[in-house]
Amino acid sequence: MITKISIKDKHTLLKYAPLFWEEIKGEELAGKLCLESFSNFLEVNFRNETLVGWFHEENKKIQGGILFSIVSDVFTNKLLLKEIFWFILPDQRNSLAAYKLIKQAEKFATENNINSIFMAHMANPNPEKLSKFYKKIGYNFIQAEYAKKIS
């Protein structure tokens, strides 16, 4: 079952944020996860209606979730969904949970005149598997980002 994420789900998102951060090796890139900062981000952006997301649940157990920021493209002024947070529990990675979450985002985009969806290209944990998944459901690789930790 797919359920829409709202500010009421903040504690659940905060519960799964460390899993997401560990999976992407966020501490190596950006430093220690600050749940207070993420909590504040959720509060502000849900209030401003610039966040949208869904959980995939079965038997009242969350199997994964996806969260997007709704932004306006600075060159075209068209609305975009930009992935912020996406996790699938390790024991659910071969299920349809990821596919169902992406399809829900696509449905939302269609219903809300959102022009494009951008999913992050992560070097961790399984870039080849993730790339195959995206290509299979019609997503194109456009660009990746390079980062350097300064301090």
Work out which heavy atom in [X] is nearest to a heavy atom in [Y]; give both atom names and the distance.
| X | Y | answer |
| --- | --- | --- |
| Lys4 | Asp9 | O-OD2, 3.6 Å |
| Thr3 | Glu57 | OG1-OE2, 3.0 Å |
| Phe85 | Ala17 | CE1-CA, 3.5 Å |
| Pro18 | Leu35 | CD-CD2, 4.4 Å |
| Asn113 | Leu79 | O-CB, 4.3 Å |

Should the heavy atoms of other residues, nucleotides or ligands under 6.0 Å from [atom1] of [X] be counted, would the total exceed 12?
| X | atom1 | result |
| --- | --- | --- |
| Phe41 | CZ | yes |
| Asn77 | CG | no |
| Lys15 | NZ | no |

hydrophobic_cluster_shared for [Y] and [X], side chain cutoff 4.5 Å:
| X | Y | value |
| --- | --- | --- |
| Leu101 | Met1 | no |
| Leu81 | Ile2 | yes |
| Val44 | Phe46 | no |
| Ile24 | Leu19 | yes |

Set of salt bridge (Lys or Arg N to Asp or Glu O under 4.0 Å) partners for Lys78, sequence neighbours left out: none

With sequence neighbours left out, the residues meeting ring pair (Phe, Tyr, Trp, His ring centres under 6.0 Å) with Tyr16 are Phe87

Looking only at side-chain N and O atoms, does Asn40 offer a donor or acceptor that is under 3.5 Å from a partner on Ser37? no

Are a donor atom and an acceptor atom from the side chains of Gln63 and Ser95 found within less than 3.5 Å of each other?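 Per modelled atom types, Gln63 and Ser95 side chains form no pair under 3.5 Å.
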
When rounded to the nearest 0.5 angstrom, what is the spacing between NZ in Lys100 and CD1 in Ile88? 11.0 Å

Just jot down the side chain to side chain contact (heavy atoms under 4.5 Å, CB included) partners of Asn94, sequence neighbours excluded, or say none. Lys129

Are the ring centres of Phe68 and Trp86 closer than 6.0 Å?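 No.
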
